[in-house]
Amino acid sequence: MAAVNLEDWTDIRELVLMSVGTDKGRWWANPDFGSELWLLRQAGKVDGTTAGKVRSMILECTAWLKNDGLVKNIECRAERTGKNEISYELTLEKSDGSSVFVKDIWNGIE
């Protein structure tokens with residue numbers, strides 16, 4: 001079976017959502033791929049520090065996009081918007097100067 005190269009994909013928005021939505025260590029093609037947001041979900045609570053943790057984890061799991069040259073810069077904002085949810089927004093600047101905007105919600109406890 002041939003290796004899957006995420007760098008060959010061109011949809012930055014899809015790559016971001018895959019990075020954030022995949023539990024780190026659980027993707028067969030690369031155990032370093034994904035986020036550690038599942039650790040926050042395991043903690044079982046959303047508090048005043050959770051938005052900052054979500055932001056850090058999202059920046060960490062999407063850093064490969066910058067390291068591999070798919071984007072030039074990544075900015076992320078996260079804020080608590082409900083009892084158990086954090087809204088986050090990413091702005092990814094591509095090398096041609098254009099930007100991709102991704103907005104989603106992370107639900108801490110289901």
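Source: prediction; values computed, not measured.
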By side-chain contact (heavy atoms from CB on, under 4.5 Å), which residues pair with [X], not counting sequence neighbours?
X: Leu59; result: Arg55, Ile74, Cys76
X: Thr50; result: Leu40, Val46, Asp47, Val54, Ile86, Trp106
X: Ser98; result: Lys94, Asp96

Rounded distance [0.5 Å steps], [atom1] in [X] versus [atom2] in [Y]:
X: Leu37; Y: Tyr88; atom1: CG; atom2: OH; value: 7.5 Å
X: Asn84; Y: Lys45; atom1: CG; atom2: NZ; value: 12.0 Å
X: Asn67; Y: Thr62; atom1: CG; atom2: OG1; value: 9.5 Å
X: Glu14; Y: Ser19; atom1: CD; atom2: OG; value: 10.5 Å
X: Ser99; Y: Leu90; atom1: OG; atom2: CG; value: 12.0 Å

* **Pairing residues for Lys53 by the salt bridge (Lys or Arg N to Asp or Glu O under 4.0 Å) criterion, not counting sequence neighbours** =>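 So Lys53 forms no salt bridge (Lys or Arg N to Asp or Glu O under 4.0 Å) with any residue.
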With sequence neighbours excluded, tell me which residues meet side chain to side chain donor-acceptor pair (under 3.5 Å) with [X].
X: Thr22; result: none
X: Lys72; result: Glu93
X: Glu36; result: none

* Would Leu92 and Val16 satisfy side-chain contact (heavy atoms from CB on, under 4.5 Å), going step by step from the backbone distance to the final call? -> CA-CA 10 Å; Leu92 301 101; Val16 166; 3.8 Å; yes
* **Arg77 side-chain N/O to Ser87 backbone N/O, donor-acceptor pair under 3.5 Å** =>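 Not at all, since once roles are kept as given, no pair shorter than 3.5 Å links the two residues.
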* Please tell me if the side chains of Leu15 and Leu70 come closer than 4.5 Å, counting only heavy atoms from C-beta onward. =>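 Heavy-atom side-chain distance check passes, below 4.5 Å.
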* Other cluster members, Leu39 - Ile/Leu/Val/Met/Phe/Trp/Tyr, side-chain contacts below 4.5 Å ->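 Listed partners: Trp38.
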* To do: Decide yes or no on side-chain contact (heavy atoms from CB on, under 4.5 Å) for Ile58 and Ser35, but give the supporting numbers first.
  => CA-CA 7 Å; Ile58 289 173; Ser35 76; over 6 Å; no
* Can you hop from Trp28 to Phe33 via hydrophobic side chains spaced under 4.5 Å? ->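 Same cluster: Trp28 reaches Phe33 through Ile, Leu, Val, Met, Phe, Trp or Tyr contacts under 4.5 Å.
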* To do: Output every pair passing salt bridge (Lys or Arg N to Asp or Glu O under 4.0 Å) with a member in residues 78-87, not counting sequence neighbours, ordered by first then second residue.
  =>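 Found none.
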